[in-house]
Amino acid sequence: MRIATWNVNSIRTRVGRVVDWMVREDVDVLAMQEIKCKPEQFPHEAFEEAGYELAIHGLNQWNGVAIASRAPITEVETEFPNMPGFLKGHDGPDLPKEARAIGATVDGVRVWSLYVPNGRSLGDPHLHYKLDWYAALTDYARAETTAHPERPFALMGDFNVAPLDIDNGDPTVVVGQTTHVSPEERAAFFALENAGVTDVVRARVPEGLYTYWDYKQLRFPRNEGLRIDFILGSAAFAEAVTSASIHRDERKGDAPSDHVPVLVDLALGDDDDDRPMIF
DNA sequence: ATGCCTATTGCGAATAGA
């Protein structure tokens, strides 16, 4: 199974690019973030014509997540337990939930497409929201990997943290001045990894390969990006991974997303794609 | 450097992204 994540930054603007890439790369499952539309606005025909079914969670022009899959999608959820909500200017326990998470089961693999809150700036309430979101996600990951250790489980998406200094090549992203690299955000990311899910891509790609470059200030031509998009897999998921790649070329050309896709190849027990069963 | 990129809503300026 070839499974990928991509912050598409509006699926309506990017649908041709996204489906072309999926077909070209023989992708079986794609977790998308920032679709920026409601389900009824999603360009589903292009996916269906290419052989994919969809699970979509979008409430308005902000955020929005989806999963496309060649194999049937079951057990769709649009939030994890205790996922925080957010409403600017408000505080409290019962704020509306944003469209930042969708979970589904495909071929026995439990996958989530996640768009972690940005944080906006140091000291902004949105940063507290981001850290609360991480804490609830960490509790969920620990519970899920403990309850079903045999089931491959993956958290995929835009985590909006550059965990290591080598993941930050953007000179405007500075420890002590901006989000994404603060000790608190990095600690939240590492706590998530310590809850039973690990980065299955890092060891398989070159150091200093980013997944995001700001549209401004020639960030991409200067290669001043961030590595903030990840595939975090449980032990059962991680041991099935045979290869991984970051598709930097998808930042080139006309009307790219500011993020590029991240892909892993899984050798599952019932995988009949590429390896004949030998008796 | 007084400007910077893109998308959405809705038709312009505001919000958001990171």
Side-chain angles (χ1 to χ4, degrees), chain A residues 5-18 32-43 56-66 85-90 95-101 113-131 133-134 157-186 188-189 209-230 246 248 250-262:
Chain A
T5 183
W6 195 354
N7 179 324
V8 298
N9 186 17
S10 170
I11 192 57
R12 288 178 289 178
T13 298
R14 221 76 65 203
V15 58
R17 241 190 129 108
V18 171
M32 288 168 268
Q33 302 85 39
E34 282 207 90
I35 62 170
K36 292 189 169 178
C37 67
K38 302 173 187 178
E40 61 268 29
Q41 299 172 305
F42 195 102
I56 302 165
H57 182 42
L59 298 171
N60 50 43
Q61 71 269 44
W62 308 121
N63 316 307
V65 284
F86 184 79
L87 188 61
K88 192 174 177 179
H90 293 75
L95 302 176
K97 313 278 200 237
E98 298 183 306
R100 295 181 177 274
S113 178
L114 302 172
Y115 179 40
V116 175
N118 168 292
R120 296 185 182 165
S121 60
L122 300 182
D124 192 295
H126 208 262
L127 183 56
H128 296 282
Y129 171 45
K130 180 179 190 173
L131 296 173
W133 214 90
Y134 260 106
D158 177 356
F159 287 81
N160 269 322
V161 171
L164 306 179
D165 288 342
I166 55 168
D167 301 328
N168 177 20
D170 185 328
T172 67
V173 177
V174 179
V175 177
Q177 297 181 27
T178 58
T179 60
H180 294 63
V181 292
S182 73
E184 293 80 5
E185 290 165 87
R186 285 174 164 175
F189 183 88
L209 188 52
Y210 308 122
T211 64
Y212 160 88
W213 297 260
D214 199 309
Y215 288 123
K216 294 185 283 190
Q217 303 285 41
L218 300 173
R219 287 284 174 255
F220 183 63
R222 296 173 188 270
N223 194 30
E224 296 173 341
L226 301 171
R227 184 159 183 265
I228 56 177
D229 299 271
F230 298 98
I246 294 173
R248 188 181 187 281
E250 285 306 307
R251 187 63 176 76
K252 301 177 180 176
D254 286 337
S257 171
D258 42 2
H259 297 251
V260 295
V262 180

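Here is the naming used below: chain letters follow the sequence lines, and residue numbers restart at 1 for every chain.
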Practice prompt. Give one of base, sugar-phosphate or nothing for Asp158(A), where a contact means two heavy atoms less than 4.0 Å apart.
Written response: sugar-phosphate

Discussion item. I need the NZ-C1' distance between Lys130(A) and dA16(B), as an integer number of Å.
Written reply: 14 Å

Worksheet item: Touch check for Arg251(A), heavy atoms < 4.0 angstrom, all strands: base, sugar-phosphate only, or nothing?
Response: nothing

Discussion item. Assess the residue pair Asn160(A) and His180(A) against the criterion (side-chain contact (heavy atoms from CB on, under 4.5 Å)); give the C-alpha distance rounded to whole Å, side-chain angles, the decisive distance to 0.1 Å, and a yes or no.
Written reply: CA-CA 6 Å; Asn160(A) 269 322; His180(A) 294 63; 2.9 Å; yes

Discussion item. For Asn7(A), is there any backbone N or O sitting under 3.5 Å from a side-chain donor or acceptor partner on Asp229(A)?
Written reply: no

Practice prompt. Check whether any side-chain N or O of Arg219(A) sits under 4.0 Å from OP1 or OP2 of dG17(B), and answer yes or no.
Written response: no

Worksheet entry | Criterion side-chain contact (heavy atoms from CB on, under 4.5 Å) against Leu226(A), the qualifying member of Asn168(A), Asp167(A), Val161(A), Asp258(A) | Asn168(A)

Practice prompt. Give the rounded distance in Å between these two atoms: CG of Leu59(A) and P of dT9(B).
Written response: 13 Å

Discussion item. Check the orientation of Phe86(A) and Tyr129(A). Use parallel for under 30°, tilted for 30 to 60°, and perpendicular for over 60°.
Written reply: parallel

Worksheet item: Expressed in angstrom and rounded to an integer, what is the separation of Gln41(A) atom CD from dA7(B) atom P?
Response: 16 Å

Discussion item. Is there a side-chain contact between Arg14(A) and the phosphate of dA7(B), meaning an N or O under 4.0 Å from OP1 or OP2?
Written reply: yes

Discussion item. Base, sugar-phosphate or nothing for Phe220(A)? Non-hydrogen atoms, less than 4.0 Å.
Written reply: nothing

Discussion item. Can you tell me if His259(A) touches the phosphate of dG17(B), counting only side-chain N or O atoms and a distance under 4.0 Å to OP1 or OP2?
Written reply: no

Worksheet item: Quick one: Asp258(A) CG to dA16(B) C1', roughly how many Å, whole number?
Response: 12 Å

Worksheet item: Say you pick atom C1' in dA18(B) and the same atom in dC4(B); how far apart are they, in whole Å?
Response: 14 Å

Item to complete: Report the distance from atom CG of Asn9(A) to atom C1' of dA18(B), rounded to the nearest whole Å.
Response: 12 Å

Worksheet item: Rounding to the closest angstrom, what is the interatomic distance between dT2(B) and dG12(B) at atom P?
Response: 28 Å

Worksheet item: Under 4.0 Å between a side-chain N or O of Asn160(A) and OP1 or OP2 of dA18(B)?
Response: yes

Worksheet item: Are Arg222(A) and Asp214(A) ion-paired here, with the side-chain N under 4.0 Å from a carboxylate O?
Response: no

Discussion item. Checking the side chain of Thr179(A) only, and the main-chain atoms of Gly119(A) only, is there a donor and an acceptor separated by less than 3.5 Å?
Written reply: no

Worksheet item: Do any side-chain nitrogens or oxygens of Arg12(A) fall under 4.0 Å of OP1 or OP2 in dT9(B)?
Response: yes

Worksheet item: Among Tyr212(A), Trp213(A), Phe220(A), which residue meets the side-chain contact (heavy atoms from CB on, under 4.5 Å) test with Val260(A)?
Response: Trp213(A)

Worksheet item: What does Arg120(A) touch in the nucleic acid at a heavy-atom separation under 4.0 angstrom: a base, only the sugar-phosphate, or nothing?
Response: sugar-phosphate

Worksheet item: Distance between the C1' atoms of dT15(B) and dG10(B), in whole angstroms?
Response: 14 Å

Discussion item. By nearest heavy atom, map Cys37(A) and Lys88(A) onto DNA chain B; which one lands nearer the 5' end?
Written reply: Cys37(A)

Worksheet item: Looking only at atom P, what distance separates dA1(B) and dC11(B), rounded to whole Å?
Response: 37 Å

Item to complete: Kindly say if Gln217(A) contacts the phosphate of dC5(B), meaning a side-chain N or O under 4.0 Å from OP1 or OP2.
Response: yes

Worksheet item: With a 4.0 Å cut-off on heavy atoms, is Asn168(A) in touch with a base, just the backbone sugar-phosphate, or nothing at all?
Response: nothing

Discussion item. What's Ser10(A) touching, base or sugar-phosphate or nothing? Going by heavy atoms closer than 4.0 Å.
Written reply: sugar-phosphate

Discussion item. Using whole Å, what does the distance between atom C1' of nucleotide dC5(B) and atom OH of Tyr212(A) come to?
Written reply: 9 Å

Fill in: Thr13(A) side chain near dT8(B) phosphate (N/O to OP1/OP2, under 4.0 Å)
yes

Worksheet item: Which residue lies toward the 5' end of DNA chain B, Val173(A) or Ala255(A), if each is placed at its nearest nucleotide?
Response: Ala255(A)

Worksheet, complete the sentence: From CG of Leu87(A) across to P of dA16(B) the rounded distance in Å is 10 Å

Discussion item. Does dA18(B) have its OP1 or OP2 closer than 4.0 Å to a side-chain nitrogen or oxygen of Tyr115(A)?
Written reply: yes

Worksheet item: Quick one: Asn60(A) CG to dG17(B) C1', roughly how many Å, whole number?
Response: 14 Å

